[in-house]
Amino acid sequence: MKSLMVTVETKQLGPLLLDIGIALMRAGASSDKIKFTLLAIAHAYRCEPNLDIGAKSISLTLRSNNDVELFNEIRSTDSYGVNFGIIEAISKLNQTVANNPLSVEQLKDEVNQVIKSSHYPRYLVLTMVSLAGAAFCFTVGGSWIEMGIAFGATCSGLFVKQECTKRRMNAYLCTYLAALAATVVIGLLYKVGLPERLEYAFTTSVLFLIPGVPLINCFTDLLEGEILNGLERGVNALIHVMTIALALTTTLYLFNFQG
Amino acid sequence: MTELFTIIAKAFWCGCAALGFGILFNAPKRALLPVWVAGFVTGLVKFTALHPTFGVGIIGSSFIAALVSASVVVFMASWQKLPPSIVAIPAVIPLIPGIFAYKTMLGAVRLTASLGDDYATILSTTVHTGLKTLFIVLGISLGVAIPIQLFRQRLPLGHRSKIPS
């Protein structure tokens with residue numbers, strides 16, 4: 001009876017592992033991190049997984065310790081983001097499961113809680129990211145006035161990005177419109193005839209859009225031999241960079257901005 | 001003394017920039033102090049290496065800063081029981097060569113104008129800044145990846161045969 005219960009429970013483990021994998025993928029984890037986490041959790045429940053991590057999908061076959069196939073499915077996701085809160089919480093859950101296995105039902109509840117976990121308040125994100133824009137401006141040699149302008153421009157760009165994301169617009173279009181919103185603020189101040197040189201504010205106001213996570217993950221995947229995933233992430237990051245450049249070019253043309 | 005103060009001030013603001021990105025990426029609250037510290041270390045190493053005393057170029061200083069920062073992060077993350085990447089990535093964002101990318105773009109826009117006497121100068125300057133941008137980004141990515149790959153958790157060898165029956 002006990003072995004039957006274990007089988008029923010382990011059968012529930014397959015969909016849960018895919019939920020965890022997809023949550024990690026959507027949160028911006030590298031392929032290696034996803035593989036490591038799913039293998040460790042499956043082993044804690046005495047199952048043997050065979051995994052294939054694609055650019056936007058995970059294929060999982062799960063076998064029990066007596067080599068009975070329990071689960072075989074592919075799941076995909078259409079969107080990427082960055083949410084380090086989810087990566088950290090699942091990493092912690094992984095350690096908990098390794099030290100003291102929970103029932104699959106308990107693990108499912110914990111995972112659902114992690115996925116539903118909230119973000120920082122919007123005003124805090126806007127303020128801190130704008131402060132980051134101002135900080136960038138200082139580090140490249142901007143004055144206090146330029147820092148203030150970079151703060152405002154970053155804030156307007158991030159606000160536009162949040163609104164576009166909320167409306168589920170194309171990710172590249174979101175980046176373009178956000179970069180345009182940030183640089184147009186600087187362009188308008190340039191047209192008004194502000195005596196400051198606005199070059200530093202102009203360049204640093206779009207840095208919050210740089211796809212740092214896909215760029216780093218691209219190299220991590222390539223180093224791990226996940227060539228296709230690495231290339232996919234690299235090309236994705238490159239297109240984002242090109243859309244930022246396109247927005248800068250648009251503003252340069254619109255305002256005949258000379259820096 | 002003034003130069004030292006400037007380097008520390010820039011490092012402080014690098015920490016603030018890293019913190020902003022930590023919040024943007026929804027890093028957990030307990031990771032925010034390590035993110036700020038790692039950002040500060042990144043700025044300190046980069047601007048110290050760039051100082052004429054050491055004379056390291058921008059590509060080398062960005063690589064060294066990312067390498068040192070990610071190494072510090074690996075130890076801080078293991079102490080705080082955090083995945084290293086969630087601290088390392090926001091910390092190296094201040095190294096992104098925004099100014100060079102902008103100058104490359106500005107140069108590319110100027111190249112689309114009519115052919116003038118200074119066309120060759122603009123072309124060579126644009127290629128120069130473009131390559132600098134590319135190699136700085138490569139340096140940052142490698143600098144972060146090396147310590148994380150060296151010290152990352154690994155599943156034990158032969159784990160498949162060790163599954164308890």
Side-chain angles (χ1 to χ4, degrees), chain A residues 27-30 32-33 36 39-40 43 46-48 65-66 82-89 91-92 95 119-120 124-125 128-136 138-140 158 199-200 202-204 206-208 210 212-213 215-220 223-224 241 244-245 248-249 252-253 259, chain B residues 9-28 30-31 39 43 46-47 81-83 85-90 92-94 96 98-106 108-109 137-138 140-142 144-146 148-149 152-155 159-160 162-165:
Chain A
S30 66
D32 188 50
K33 175 81 185 165
F36 178 85
L39 283 173
H43 288 167
R46 300 179 178 193
C47 289
E48 179 58 42
N65 49 19
N66 48 0
V82 182
N83 190 333
F84 287 166
I86 286 183
I87 297 178
E88 189 265 346
S91 181
K92 214 159 95 181
Q95 286 165 7
H119 285 254
Y120 288 104
L124 182 68
V125 176
M128 292 309 293
V129 175
S130 305
L131 188 70
F136 279 135
F138 181 84
T139 59
V140 296
L158 181 59
E199 184 187 19
Y200 295 136
F202 188 76
T203 49
T204 52
V206 293
L207 286 186
F208 73 97
I210 296 286
V213 177
L215 272 176
I216 307 281
N217 280 343
C218 157
F219 274 88
T220 314
L223 287 173
E224 279 298 320
V241 172
I244 297 169
L248 290 177
T249 313
L252 289 173
Y253 269 121
Chain B
K10 284 187 173 178
F12 171 83
W13 283 105
C14 277
C16 294
L19 185 66
F21 276 86
I23 288 173
L24 179 68
F25 297 155
N26 205 33
R30 69 195 181 94
K46 181 190 167 181
F47 292 110
K81 293 190 173 143
L82 287 163
S85 59
I86 71 168
V87 182
I89 293 175
V92 297
I93 297 273
I96 297 286
I99 287 281
F100 289 117
Y102 161 73
K103 283 184 176 164
T104 307
M105 207 54 232
L106 198 67
V109 171
V137 173
L138 281 174
I140 296 167
S141 306
L142 276 177
V144 170
I146 290 169
I148 291 179
Q149 289 300 311
R152 79 190 173 99
Q153 275 182 294
R154 287 174 200 280
L155 284 172
H159 61 273
R160 284 168 196 273
K162 285 186 182 172
I163 298 169
S165 53

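Owing to the predicted nature of the structure, the values given are computational and were not obtained by experimental measurement. Values reported hereafter were calculated over all heavy atoms of this structure, with side chains retained and with hydrogens, waters and symmetry mates removed.
Options Leu124(A), Asn217(A), Thr249(A) differ in how many heavy-atom pairs under 4.5 Å they form with chain B, and the most are formed by Thr249(A). Heavy-atom pairs under 4.5 Å with chain A were tallied for Pro28(B), Ala145(B), Cys16(B); the largest tally goes to Pro28(B).
Separation of atoms CG (Leu131(A)) and CZ (Phe136(A)) is listed at 11.0 Å; rounding is to 0.5 Å.
Both the backbone and the side chain of Ile93(B) come within contact range of chain A, each with at least one heavy atom under 4.5 Å from a heavy atom of that chain. With a 4.5 angstrom heavy-atom cutoff, Phe12(B) does not touch chain A via any of its atoms. Heavy-atom distances place the side chain of Ile89(B), and not its backbone, under 4.5 Å from chain A. Contact annotation for Ala9(B): both backbone and side-chain heavy atoms come within less than 4.5 Å of a heavy atom of chain A. Using a 4.5 Å cut-off between heavy atoms, Lys103(B) contacts chain A through its side chain alone, with no backbone atom that close.
Taking the side chain to side chain contact (heavy atoms under 4.5 Å, CB included) definition, one finds that Leu19(B) meets it with Met128(A), Leu32(B), Trp36(B), sequence neighbours left out.
The six-membered or imidazole ring of Phe84(A) lies away from that of Phe21(B), with a centre-to-centre distance of 6.0 Å or more.
Residues Val125(A) and His119(A) form no side-chain contact, since every pair of their non-hydrogen atoms from C-beta on lies 4.5 Å or further apart. Counting heavy atoms from C-beta on, the side chains of Val82(A) and Asn26(B) never come closer than 4.5 Å.
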